[in-house]
Asker: 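Could you have a look at this structure, given as structure tokens, before my questions?
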Amino acid sequence: PATPDASPLPKFPPGFLWGVSTSAHQIEGAAEGRAPSIWDVFGAEPGRIKDGSTADTACDHVARHREDVDLVHGLGVGAYRFSVSWPRVLRPGGLDFYDRLVDELCARGVRPVPTLFHWDLPVEVEEAGGWLSRDTAARFAAHAQTVAARLADRTGTWITLNEPAEHTLLGHALGAHAPGKKLLFDALPVAHHQLLAHGLAAQALRAAGATDIGIANSHGPTWPASAGPADAAAADLYDVVLNRLFSDPLLLGRYPDGFGELMPADDLAGDLKVISEGTLDWYGVNYYQPTKVGAPLAGGTDVEFSGLTLPAELPFSVREIEGHPVTDFGWPVVPDALTELLTSFRDRYGDRLPPVVITENGCAYEGLDDRARIAYLDGHLRALHRAMEAGADVRGYFVWSLLDNWEWAEGYTKRFGLIHVDYATGTRTPKASYAWLRDALREQKAPRS
Ligand code: GBH
């Protein structure tokens, strides 16, 4: 729908955690210094970034973080999810910025929710093998320990990784994101090493006193293109690779059938224990859209889809979903698919599933009078509420994103913010959706009539 439902949003339970999300490389800029990351290298290669831009300035958030924290506070949310740039932490004094940020948040009563890795791997770690190397998991745990030693006195809630599935697929299988590797199924070690990194980092965080650990995984329902067996098998494989390859080891302590054998591990059972045992107090879901998948198309040509080149040799093909509005990214807007996702998660994982938090949900649209974003958020919050009424234990919801920002390979061409950013001047202007969410949250807190 182009306009939100006229009735007020249903009430979410008391204590439900409302938040907004960002990530370091997408907003911070290079002020105060950071070591080179794989995104600096990738972004400098001609043709990689749609508008040829870099994130050297982005939202200039390091310089402007007080103003941004005021905007978070003004929205009335209880939490702010940001990421800690590992390349920044490697510089002397690199944690000073996060120390100030956490103080600013705490001073305004906003819970800091740091993510320890949101795709910006330091070049020196990439050059030592990156996520193809098992050593990177241990290095990441050391990074977690360093950050926790500084922030854990004011930060109880932590997210280890953002979307290891997308970092594996886009960064290492298809080459559309940094580090630009096109390994197809040979990228599977990247998945295992990130999962192992999650487990080892959780141990380091617990040792530092963290009590509330999660991960932010991307998930969406996979819809087979037809009822035929070839399409069903292709959709199932896509669902395994994009969804269950990450949630099954974390929540069930095993890989989907046939995948454990493909992982680089001398002691797979031991690794799976590290990955799954006591590593999650809650499970973060980033949800954007469902995906329709069928068997590879005859003719054997690469397919351009939503900014990606999907090679013909993939054992599945992604199809257009028709009959729904689409965002500026071309992604279909299907709120019911969020209900479907959360319900199917509960069915699949049962008692093994800890409470869920929606750690990202949002959309790309131009303009300050962003009624389409309001309709998107309104529709998804209603869909979330329906899932909760049906028994899904969901404890929080974070909008992606606070600010318009550097959207990876799309550069500055996609605007996901509740707040518009003029990249020439740095000026922030709250959009209609910001006012809508602020008012909706006030309404949530008002006594029930
Ligand atoms: C998130 O990832 C990131 O965490 C965040 O940094 C980013 O800014 C934000 O979303 C917006 O992109 O195969 O074409 O059907 C993106 C999550 C999930 C989006 C899978 C694309 C499949 C697209 N992605 N989805 S397609």
Side-chain angles (χ1 to χ4, degrees), residues 20-28 37 39 49-50 55 58-59 81-83 85 113 115-120 159-171 173-174 176-178 194 214-223 225 234-235 238-239 241-243 245-246 284-294 303-311 314 316-322 324 326-334 337-338 341 358-365 373 376 380 398-418 421:
V20 275
S21 294
T22 62
S23 94
H25 194 78
Q26 295 179 271
I27 66 167
E28 284 183 358
S37 84
W39 275 97
I49 310 300
K50 195 172 183 177
C59 304
R81 176 181 172 225
F82 58 98
S83 81
S85 155
V113 182
T115 302
L116 288 164
F117 178 69
H118 197 125
W119 301 353
D120 48 353
I159 295 173
T160 54
L161 305 176
N162 181 70
E163 298 188 350
E166 303 296 329
H167 195 51
T168 304
L169 176 80
L170 300 175
L174 301 181
H177 279 188
Q194 286 182 93
I215 189 168
N217 268 341
S218 59
H219 286 295
T222 308
W223 293 347
Y238 179 96
D239 190 44
V241 173
L242 270 296
N243 290 305
L245 188 66
F246 298 86
V285 170
N286 295 356
Y287 170 74
Y288 288 88
Q289 87 284 67
T291 308
K292 189 189 274 191
V293 177
V303 178
E304 297 299 323
F305 189 85
S306 192
L308 297 176
T309 302
L310 301 174
L314 283 178
F316 42 69
S317 61
V318 177
R319 312 287 177 83
E320 297 288 346
I321 291 178
E322 277 153 23
H324 295 273
V326 294
T327 70
D328 286 355
F329 228 133
W331 300 345
V333 179
V334 192
L338 176 59
L341 172 70
I358 305 297
T359 35
E360 287 182 25
N361 178 234
C363 49
Y365 288 113
R373 178 173 289 101
Y376 182 101
H380 284 80
F398 287 66
V399 176
W400 182 271
S401 181
L402 176 69
L403 302 169
D404 289 341
N405 59 53
W406 195 73
E407 177 53 34
W408 308 113
E410 300 285 317
Y412 296 107
T413 68
K414 298 288 183 292
R415 292 183 177 271
F416 277 86
L418 298 170
V421 176

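Every number for a ligand or one of its atoms is a count from 1 in the order of the listing.
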Asker: Do Val318 and Tyr238 come within less than 4.5 Å of each other through their side chains, counting heavy atoms only?
Answerer: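 Val318 reaches Tyr238 side chain to side chain.
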Asker: Is there a donor-acceptor contact under 3.5 Å linking the side chains of Asp404 and Tyr412?
Answerer: no
Asker: Going by side-chain hydrogen bond (donor to acceptor under 3.5 Å, both in side chains), name the residues that satisfy it together with Lys292, two or more places apart in sequence or in a different chain.
Answerer: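 Not a single residue meets the side-chain hydrogen bond (donor to acceptor under 3.5 Å, both in side chains) criterion with Lys292.
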Asker: When you compare the side chain of Glu410 with that of Asp328, does any pair of heavy atoms fall below 4.5 Å?
Answerer: no
Asker: Does any N or O of ligand 1 fall below 3.5 Å from an N or O anywhere on Glu163, backbone included?
Answerer: yes
Asker: Near Phe416, which atoms of ligand 1 are under 4.0 Å from a heavy atom of that residue?
Answerer: 11 (C), 12 (O)
Asker: Heavy atoms only: which of Tyr287, Trp400, Tyr288 is nearest to atom 10 (O) of ligand 1?
Answerer: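 Shortest heavy-atom distance from atom 10 (O) of ligand 1: Tyr288.
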Asker: Return yes if some donor-acceptor pair links the side-chain N/O of Arg81 with the main-chain N/O of Trp400 below 3.5 Å, else return no.
Answerer: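 The answer is no, because no donor-acceptor pair under 3.5 Å joins these two groups.
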Asker: So, 4.0 Å and heavy atoms of Lys414: is ligand 1 close enough to count as a contact?
Answerer: no
Asker: I'd like to know if His118 contacts ligand 1, where contact means a heavy-atom distance under 4.0 Å to any ligand atom.
Answerer: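 It does, in that a heavy atom of His118 comes within the 4.0 Å cut-off of ligand 1.
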Asker: Could you tell me, atom by atom, which parts of ligand 1 come under 4.0 Å of a heavy atom of Glu407?
Answerer: 7 (C), 8 (O), 11 (C), 12 (O)
Asker: Considering non-hydrogen atoms of the protein only, which is the closest contact for atom 21 (C) of ligand 1, and what is the distance?
Answerer: Trp331 CZ2, 3.4 Å
Asker: Could you tell me whether Asn162 approaches ligand 1 through its side chain, its backbone, both or neither, with non-hydrogen atoms closer than 4.0 Å?
Answerer: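 The side chain, only.
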Asker: I want to check something: taking the side chain as every heavy atom from C-beta on, are Glu163 and Thr168 in contact at a cut-off of under 4.5 Å?
Answerer: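 Of all side-chain heavy-atom pairs linking Thr168 with Glu163, none is under 4.5 Å.
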Asker: Only heavy atoms of Glu360, strictly under 4.0 Å: list the atoms of ligand 1 that pass.
Answerer: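 Taking each heavy atom of Glu360 in turn, ligand 1 has 1 (C), 3 (C), 4 (O), 5 (C), 9 (C), 10 (O) under 4.0 Å.
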Asker: Show the nearest heavy-atom pair for residues Pro332 and Pro290, with the distance to one decimal.
Answerer: CG-O, 4.3 Å
Asker: Assess the residue pair Lys50 and Glu407 against the criterion (salt bridge (Lys or Arg N to Asp or Glu O under 4.0 Å)); give the C-alpha distance rounded to whole Å, side-chain angles, the decisive distance to 0.1 Å, and a yes or no.
Answerer: CA-CA 10 Å; Lys50 195 172 183 177; Glu407 177 53 34; over 6 Å; no
Asker: Does Leu170 reach the side chain of Trp408, with side-chain heavy atoms less than 4.5 Å apart?
Answerer: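 Answer no - side chains too far apart.
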Asker: What residue and atom, counting heavy atoms only, is the protein's closest point to atom 26 (S) of ligand 1, and at what distance?
Answerer: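 For atom 26 (S) of ligand 1, the nearest protein heavy atom is Phe305 CE2, 3.9 Å.
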Asker: Closer than 4.0 Å to some heavy atom of Trp119 - which atoms of ligand 1 meet that?
Answerer: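 Atoms satisfying the 4.0 Å criterion: 2 (O), 3 (C).
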Asker: For atom 18 (C) of ligand 1, what's the nearest protein heavy atom and its distance?
Answerer: Glu166 OE2, 3.3 Å
Asker: Given Gln26, Gln289, His167, identify the one with the heavy atom nearest to atom 23 (C) of ligand 1.
Answerer: Gln289
